[in-house]
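Just so it is clear, the values below take in all heavy atoms, side chains as well, and ignore hydrogens, waters and symmetry mates. The structure displayed is predicted, hence computed values, not measured ones. Residues: numbered from 1 along the sequence shown.
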Amino acid sequence: MQTFEHGAVVWDVACPQRPSRVAGLTMAGFRIRELDALRMVPHPAVTLILEFGPDSPVLDGGPGQQQRGSIVAGPGPGLGSGGAVRARGENVECVQVRLSPVIARAVLGTSPADLDGAVVPLGDLWGREASRIREQLGEISSWQDRFALTDVLLARRHEARPPVDPEVAWAWHRIVVSRGLIRVDGLAAEVGWSRRRLWSRFRSQLGLPPKRAVKLVRFDHAAHRLVAGEGAAEVAADSGYADQSHLHRDVKAFTGATPATMAGEPFLAVDDIAWPRRGGSGDSAEVDGRRRSRFPHFSVTKPTAPHP
């Protein structure tokens with residue numbers, strides 16, 4: 001376990017010693033004594049927070065949108081509310097899981113489209129299973145054992161349901177590896193589908209339309225460069241934005257903050273410790289039920305026989 005210090009923020013962070021058996025699933029563990037109005041910055045993955053500490057964290061998504069305990073959000077979180085979701089609490093302990101949208105439907109048992117970027121209590125999706133997972137995690141003292149348990153449970157759910165269409169997985173992979181610098185109009189031609197069909201399947205299976213996916217992946221890449229200390233003008237020029245004002249508008253739309261403010265957000269700054277290879281950005285693709293690969297050290301075979 002490592003200590004993450006960011007201004008007045010002090011967290012304990014644990015990382016799994018082994019990768020998940022499910023491509024596109026990454027996780028990290030957090031122990032936080034005081035969590036004070038943490039802004040949850042939108043992210044190109046579905047976020048699953050499994051809490052088991054003595055006190056349940058509270059997530060505020062705006063007036064009348066308060067959730068407590070284990071939650072699921074995505075793709076985002078906060079994508080549907082301008083990044084306004086904030087977390088607070090004391091003595092917080094949790095396993096945070098990031099699911100590539102390609103595998104999220106199978107793991108969750110519902111399409112990310114049904115979440116619409118909102119924060120949803122896990123119990124609303126999984127019923128008593130959510131409470132059982134909380135109890136099991138609380139009874140384990142080792143972080144590595146917690147990760148192993150979580151991986152087994154989520155892998156079991158993933159294997160029980162069919163994958164997304166390989167054409168949809170391919171389109172997501174292309175968006176991610178391009179860091180959001182791809183023209184989405186060409187994706188349908190690449191997989192041999194009509195534009196209308198790909199847009200419909202992509203939105204229903206992954207939870208957001210291709211153009212929004214491109215914007216979110218591009219924003220995520222730019223946001224982490226800002227956190228690393230790079231200037232906004234340079235980041236805008238290298239990340240596909242028309243100019244610095246364009247970057248500013250996207251940051252404002254996704255987070256409600258300015259680029260300078262967002263660059264100091266602990267939710268982003270902790271990634272280098274919690275996800276050192278940035279594996280939690282949805283940067284894994286499951287192209288079909290047999291071929292599984294991990295970005296960036298992989299090649300994905302393009303679908304060769306479009307579905308009728």
List the atom of [X], the atom of [Y], and the distance in Å for their closest heavy-atom pair.
| X | Y | result |
| --- | --- | --- |
| Leu216 | Pro75 | CD2-CB, 4.3 Å |
| Leu247 | Ala232 | CD2-O, 3.5 Å |
| Pro259 | Leu226 | CB-CD1, 4.0 Å |
| Leu115 | Gly74 | CB-O, 3.4 Å |
| Pro44 | Val217 | CB-CG2, 4.0 Å |
| Val251 | Ala257 | CG1-O, 3.4 Å |

Next on the checklist: Show, in sequence, the C-alpha distance, side-chain angles and deciding distance for Arg98 and Asp271, and conclude whether the salt bridge (Lys or Arg N to Asp or Glu O under 4.0 Å) test is met.
Outcome noted: CA-CA 12 Å; Arg98 288 178 176 176; Asp271 274 17; 3.2 Å; yes

Non-hydrogen side-chain atoms of [X] and [Y] separated by less than 4.5 Å:
| X | Y | answer |
| --- | --- | --- |
| Asn91 | Arg33 | yes |
| Met1 | Arg31 | yes |
| Arg196 | Ser194 | yes |
| Ile273 | Trp11 | no |
| Trp193 | Val168 | yes |
| Arg105 | Val164 | yes |
| Asp220 | Phe254 | no |
| Leu25 | Met27 | yes |

Item to check | Candidate pair Thr255 and Phe219, rule side chain to side chain contact (heavy atoms under 4.5 Å, CB included), full reasoning | outcome: CA-CA 10 Å; Thr255 70; Phe219 160 80; 3.6 Å; yes

Checklist entry - With under 30° as parallel and over 60° as perpendicular, where do the rings of Trp172 and Phe202 fit, or are they tilted in between? => result tilted

Next on the checklist: Can you classify the ring geometry of His43 versus His224 as parallel (below 30°), tilted (30 to 60°) or perpendicular (above 60°)?
Outcome noted: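 The arrangement is perpendicular - the two ring planes meet at more than 60°.
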
To the nearest 0.5 Å, what is the distance between [atom1] ([X]) and [atom2] ([Y])?
| X | Y | atom1 | atom2 | result |
| --- | --- | --- | --- | --- |
| Leu206 | Arg212 | CG | CZ | 14.5 Å |
| Asp145 | Leu137 | CG | CG | 11.0 Å |
| Arg225 | His221 | CZ | NE2 | 5.0 Å |
| Leu122 | Ile71 | CG | CD1 | 8.5 Å |
| Ile182 | Arg218 | CD1 | CZ | 13.0 Å |
| Ser239 | Asp250 | OG | CG | 10.5 Å |

Examine distances only and state if a side-chain atom of [X] and a backbone atom of [Y] form a donor-acceptor pair shorter than 3.5 Å.
| X | Y | answer |
| --- | --- | --- |
| Gln144 | Cys15 | yes |
| Asp165 | Glu167 | no |
| Gln136 | Leu149 | no |
| Arg157 | Val107 | yes |
| Ser204 | Arg201 | yes |
| Ser70 | Glu51 | yes |
| Arg134 | Glu129 | no |

Checklist entry - Around Arg161, counting heavy atoms of other residues, nucleotides and ligands shown, do more than 12 lie under 6.0 Å from its CZ? => result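 Buried by this count: over 12 neighbours within 6.0 Å.
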
Next on the checklist: Working note: Arg18 + Asp151, criterion salt bridge (Lys or Arg N to Asp or Glu O under 4.0 Å); need CA distance, chi angles, decisive distance, verdict.
Outcome noted: CA-CA 10 Å; Arg18 297 182 177 85; Asp151 198 46; over 6 Å; no

Next on the checklist: Regarding Glu190 and Arg174, does a basic nitrogen lie under 4.0 Å from an acidic carboxylate oxygen?
Outcome noted: yes

Checklist entry - Does the pair Glu265 and Val227 meet the rule for a side chain to side chain contact (heavy atoms under 4.5 Å, CB included), with working shown? => result CA-CA 8 Å; Glu265 294 292 340; Val227 170; over 6 Å; no

Checklist entry - Does NZ or CZ of Arg146 lie under 6.0 Å from the centre of the six-membered ring of Trp143, at an angle within 45° of the ring axis? => result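 Positive - Arg146 is close enough to the ring of Trp143 and near enough to its axis.
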
Item to check | Intermediate values then yes/no, side chain to side chain contact (heavy atoms under 4.5 Å, CB included), Trp199 and Val184 | outcome: CA-CA 10 Å; Trp199 262 233; Val184 295; 3.7 Å; yes

Checklist entry - Please walk me through it: do Leu108 and Val72 pass side chain to side chain contact (heavy atoms under 4.5 Å, CB included)? => result CA-CA 9 Å; Leu108 296 178; Val72 58; 3.7 Å; yes

Next on the checklist: His246: which residues meet the ring pair (Phe, Tyr, Trp, His ring centres under 6.0 Å) condition with it, sequence neighbours left out?
Outcome noted: Tyr241

